[in-house]
Amino acid sequence: MLGGIQIGVLAACVVLFVPMGMAGYHLSRNRMLFFSGALFITLAVGVHLTPYFPSVSDFVSSVKSVVVYDNREDSCINLVNEVVWDVKPRLISSSGDGTVDYDKVWDWSKNGKVKGCDFEKLGRGDVKDLLNGSWVVVAGDSQARLTVQSLLSLILDEKRMGMIKGDLHKKHSDYEIVVDEIGMKLDFVWAPYVVNLTSLMMGFKQNRTYPDVLVMGAGLWHMLHVNNASDYDVALENLRSSVVSLLPFSPELDTDGPVTGSVSVRSPHLFWLGMPILINGMLNTEEKREKMNDEMCHAYDSALHNSRLLRRYGGPLLLLDIQSLSWNCGPQCTIDGMHYDGTVYEAAVHILLNALLIESHQKLGSS
């Protein structure tokens, strides 16, 4: 095929330049003759090249298909948090105390753009295939710990989950587990402040070891115990710098001696675990109700925006939007206005897994 195209181009060049050379001076003096010659040459070039290329309609169709594929990937990453909820009362407690239980069902929106992304809830086999051989690190506060519980619930059976829950929920402690059958290692790092996350990043950099998937988030402890959005903003900006230094081809990775060139490092999949909606009247202490008010929550949201840590604002981390998930699930999904039912964190985990499928260009098996 390539030889045919080259011959066609050569023939076209002969048709193009020989008449132009012969016409020469006379064509330049006679505009009508010039344009007539140009038209003839154009038609001749078209006749010689047409057999070697697909039809115009086929060409347009092929270009369109490529463009749609690229845009689909970009837009689907941006739409992966578009989850809707159906929360309905299920029954009234038989004890007669007026307690109402709720069915809490979530799924991705069915509007045109989101539907075209084919997001789906992954089964145990698919999750194992996706995370096979991976090192996953989840760092943060109790929100991160609940996310770990939801992720492990998708991988482990009920019996093994019952065995590990005690260790997983030890207060203010780290946790690690190896799932031997798929060669996956998961580390939960207790890191309630952003500075703890920055220290974790520097540890990766110093040891030159990097997880395949990194999920992190912090802010609730800072809001309660520091209660200063400007300080939180500075901490996030420092974290952003430390995360960027881990990305591939960063000269900052050359830590020993003079910089001699960039170091190629496989980039981890990076996620930011957002803070939930805080329902002030349900918070369980007066200090929380006073400090963690709506105004302060908005200020901390603005600090996250200004830090440019999130991908939507030009940063490296994709948001797992716990705020949106908890808001739409509503007060029926929390008993303390801060920690939500496992369904919320389950949704966050499925969002993460679908984002991993997109970023790693993988498809689910038929099973």
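What you see is a predicted model, and the numbers here were worked out from it, not measured in a lab. Residue numbers count from 1 along this sequence.
With contacts defined as side-chain heavy-atom distances shorter than 4.5 Å, the pair Val243/Leu197 does not qualify. Here the side chains of Glu287 and Lys291 are in contact, with some heavy-atom distance below 4.5 Å. Looking only at side-chain heavy atoms (C-beta outward), Ser150 and Val148 stay at 4.5 Å or farther from each other. The side-chain heavy atoms of Met216 and Val138, taken from C-beta on, include no pair separated by under 4.5 Å. In this structure the side chain of Leu131 reaches within 4.5 angstrom of the side chain of Ile155, judged on heavy atoms. Contact annotation: the side chain of Met338 approaches that of Leu283 to within less than 4.5 Å [non-hydrogen atoms, C-beta and beyond].
Between His350 and Phe119, the ring centre distance reaches or exceeds 6.0 Å.
Side-chain contact of Gln143 with Tyr340: a donor-acceptor pair under 3.5 Å is absent, judged by distance alone. In the model, Tyr175 has no side-chain atom that pairs as donor or acceptor with a side-chain atom of His169 under 3.5 Å. Residues Lys115 and Asn111 bring no donor and acceptor atom of their side chains to less than 3.5 Å of each other. With 3.5 Å as the limit, one finds no donor-acceptor pair spanning the side chains of Asp341 and Gln332. Between the side chains of Trp108 and Glu120, no donor N or O sits under 3.5 Å from an acceptor N or O. For the residue pair Asn196 and Trp190, no side-chain donor N or O sits within less than 3.5 Å of a side-chain acceptor on the partner. Side chains of His222 and Asp231: a donor on one and an acceptor on the other come within 3.5 Å.
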Intermediate values then yes/no, side-chain hydrogen bond (donor to acceptor under 3.5 Å, both in side chains), Ser142 and His339 = CA-CA 8 Å; Ser142 55; His339 302 95; 2.8 Å; yes
Take Gln323 and Asp301, measure what side-chain hydrogen bond (donor to acceptor under 3.5 Å, both in side chains) needs, and give me the verdict at the end.
-> CA-CA 10 Å; Gln323 183 178 91; Asp301 285 342; 3.0 Å; yes
For side chain to side chain contact (heavy atoms under 4.5 Å, CB included), just list the numbers for Ser307 and Arg240, CA-CA rounded to whole Å, side-chain angles, deciding distance to a tenth of an Å, and then say yes or no.
-> CA-CA 7 Å; Ser307 70; Arg240 182 185 188 278; 5.7 Å; no
Step by step, work out the side chain to side chain contact (heavy atoms under 4.5 Å, CB included) result for Trp272 and Leu236.
-> CA-CA 11 Å; Trp272 179 258; Leu236 288 172; 3.9 Å; yes
Go through the steps for Glu286 and Arg289 under the test salt bridge (Lys or Arg N to Asp or Glu O under 4.0 Å), then give the verdict.
-> CA-CA 5 Å; Glu286 182 60 36; Arg289 290 190 290 272; 3.2 Å; yes
Start with the C-alpha gap between Arg312 and Asn78, add the side-chain angles, then the distance that decides, and say whether side chain to side chain contact (heavy atoms under 4.5 Å, CB included) holds.
-> CA-CA 8 Å; Arg312 65 168 63 167; Asn78 295 331; over 6 Å; no
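Hydrophobic clustering (side-chain heavy atoms under 4.5 Å, transitive across Ile, Leu, Val, Met, Phe, Trp, Tyr) groups Met275 together with Tyr313. The hydrophobic clustering, which links ILVMFWY residues whose side-chain heavy atoms are closer than 4.5 Å, places Val195 and Met202 apart.
Remark: side-chain polar atoms of Arg145 are paired, donor with acceptor, to backbone N or O of Ser173 under 3.5 angstrom. Although no hydrogens or angles enter the test, the distance criterion places no donor-acceptor pair under 3.5 Å between the side chain of Tyr300 and the main chain of Glu295. In terms of modelled atom types and a separation under 3.5 Å, the side chain of Arg124 and the main chain of Ser153 share a donor-acceptor contact.
Just one residue in the list Asp187, Asp212, Thr209 forms a side chain to side chain donor-acceptor pair (under 3.5 Å) with Trp135, and that residue is Asp187. When each of Leu325, Val344, Asp107 is tested with Val83 by the rule side-chain contact (heavy atoms from CB on, under 4.5 Å), just one qualifies, namely Leu325.
Under the 30°/60° scheme for interplanar angles, the aromatic rings of Trp221 and Tyr193 are found to stand perpendicular.
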